[in-house]
Amino acid sequence: MSYLIVGASTGLGRALAEEYASAGFDLVLISRDRRDTEPLAAHLRIRFGIAAIALAADLARDDCLTGVDDALAQVSPLRGVLLPVGGSDPDDEIGLSGELMGRLVNSNFLNPCRLLNVLLPRLRGGEVVGFGSVAGTRGRTRNAAYAASKRALMTYFESLRHWAGGEEIAVRFYIPGYLDTNLAFSQDLLFRAADTRRFARRVRADTGLTRTRYFPAYWRFIVSLLLLLPWKIYRRLKI
Amino acid sequence: MDNGLQRRTEFVSFDGSIRIATLHQRPDRYRHLDNILNRTLIARGGGYAYSAASFGANSCSLEMTAFDRMLNFDPAKSTLEVEAGARVIDVCKWAIHRGLQVPVIPGYPLVTIGGCIAADVHGKNPWRDGTFADWIRAVTIFHPDRGYVNVTSENDPALFEMTCGGFGLTGVIVSATLQLTPLPGTDMDLTSQPVHTLAEAVELLAASTEDFCYSWHNATPGRSFGRGLVTSGRWVQGVRDDPSLRYRPMSARTRAVFPLSVWNSLTVRCANALFYRMNGQWRPRCRMNLLDAAFPLARNAAYLAGFGRSGMRELQIFLDAASIGPFIGALEHFTARERQPLIMASLKRFHGRQRSLSPTGAGYLIAIDFLPGRAADRLMAQIDGLMLELGGQPNLSKDSRISREVAARSIRNYGTFAEGLRRYDPSRRFGSELSERIGL
């Protein structure tokens, strides 16, 4: 069986690729820059003896799906799609340009959903895993477009779960807090960034389940508190 | 990579003697290297050099640990191309499963391949196996002004030799092709033979035909100075279960977690006496899996952690066969005069060809550990003088205080390396505290 991972080159995507490869699954790894996914695919082939195919694809383009089809034809049947994809931008503030806003919404919401919609018919008996962000639980002073698109993705996955019940597809959605990625590396964080490898182990351990889950789990408590806060207090936190 | 992906980090050398807060980046994509900062840079691996070879007040440290993938394996030639951030333990474990080994392994498992190349590290039998650079077939280095360059000893021998043992001053080592060799077995039979003096150990090392051989000595002043063990290892033919290595990973920061050192004149003497009895008298022979035998520092982490925040000082000096005897004699004399609590010494027999800044050749490498302090500084200065007098060379990766003058006079390739670096990289894009201190 195989998995398709979008955004596989670094961070959580790479950790997921190593976790699933160590369990013997074939992989199709998608990212924008083949220079990152090609070495990863080679590494997984050498290290774990699986079939791993690197694919450079811009999911905003319709023709990218041809490459995905070709890659999937070279590996064992598709078992699941993992979407640890997206990105933020330091200029993501209220008043950002339409172009930047479009880019953020595309990479965090539209592109993964478009790809997913195409692949869903092949996933009967399989699973779909999406990744949001705690940033999307309540409006913040910054990262407005990023947070809004992650929120949209979460809502889309809820709808997907309604639909997938009849299609025998497990739909999971994770809401991670700070992760030890390059994004968190340069920031002063309130909480310690979680290890992406541990997160990847959690994701694989949940295989077949349909649920929404925070990682690390204590973020559920923090988010619940934030949602309970009256606006007058919340706005003073300047989160 | 001036895109907000950097932070300031306080780095500490593994011996605890140098602490510098400086710019730190952790590239994890090739485009991060393409868009690198326009300032002095230095690559960083695991951070296990005792000297500040991977950071400096005027440098941005590029932590390359995300570049740790295996890129190509050629079973016919037994060569493995691997990214520079790969850790030695991971490559070793992978190789063992294929009946192969990395012929030269440093003493700590989390050292990276790039670090091994940059410091041209040695293993447990440099007399037979040479140094790490002897097993490198190619390196790919990245220089902001030159891009990615694949360097071999054939296509650019000068740059290849400057890079192996060049402490990252020619560029960021991105990947390397390693020559692996057949693995004789997964276990080693170890024998520890007691000796009374360092000179006695030199004789045993010179006569040894074992698969690996090194010595450990008590170096505290007094009658037992030089008493020690010569440990020889021989492969046990055949492969058994997966060898495992149990250890608690340690970094320069976690090594220094205790605020005070537990080592002093009394505790050092007691620990040395216990170590001598345990390994020399109570258990002179044992069978050990190859990972336990190859990574003694992983098993003896308490020794390093015991130095606490103030750390330790270490000197490693390479001397030819004619000079090792006079050096040992003078060392004993200095130690008795200063009453300085040296802790331990060790010896390895060497053979090899010197490439750049790391010492090798036909002779012996003596390592000496000190408790830090003014007496240690005085003694180390005296040892520097002795080293210059006898034509010895320092191991820069272990020496966090050697001066420009001593380095220039003792390192045989210093002049040619400096000249080669000026020609290759006139803008000098790479530098560290170490390179600044020794004037490179």
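So that the names make sense, note that chain A is the first sequence line, chain B the second, and so on, each numbered from 1.
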Chain A contact via R98(B) - which portion, at a heavy-atom distance below 4.5 Å: side chain
Closest non-hydrogen atom pair between R14(A) and A66(B), with its separation: NH1-O, 2.6 Å
Flag if over 12 foreign heavy atoms under 6.0 Å of CG, D145(B): yes
Inter-residue atom distance R32(A).CZ - R31(B).CZ, 0.5 Å rounding: 5.5 Å
Side chain, backbone, both or neither of D68(B) within contact of chain A (heavy atoms, under 4.5 Å): both
Minimum-distance pair of heavy atoms, taken over all atoms of Q6(B) and S186(A): O-CB, 3.3 Å
Spatial distance of atom CG (N182(A)) from atom CD (Q25(B)) [nearest 0.5 Å]: 8.5 Å
Chi angles and distances behind the side chain to side chain contact (heavy atoms under 4.5 Å, CB included) call for H32(B), T10(A): CA-CA 12 Å; H32(B) 289 165; T10(A) 61; over 6 Å; no
Over 12 foreign heavy atoms within 6.0 Å of CZ, R253(B): yes
Straight-line distance of R45(A) CZ to L71(B) CG, nearest 0.5 Å: 10.5 Å
CZ (R114(A)) with more than 12 external heavy atoms under 6.0 Å: yes
Portion of D33(A) that has a non-hydrogen atom of chain B nearer than 4.5 angstrom: side chain
Point-to-point distance, once rounded to the nearest 0.5 Å, from OG1 of T181(A) to CZ of R26(B): 7.5 Å
More than 12 heavy atoms from other groups under 6.0 Å of CZ on R235(A): no
Chain A contact via H24(B) - side chain, backbone, both or neither, heavy atoms under 4.5 Å: both
CD1/I94(A): more than 12 non-hydrogen atoms of other groups inside 6.0 Å: no
From CG (L40(A)) to CD (E83(B)), nearest 0.5 Å: 9.5 Å
From D34(B) atom CG to R35(A) atom CZ, the distance as rounded to the nearest 0.5 Å: 4.0 Å
Y218(A) atom OH, over 12 foreign heavy atoms within 6.0 Å: yes
Whether over 12 other heavy atoms sit under 6.0 Å from R7(B) CZ: yes
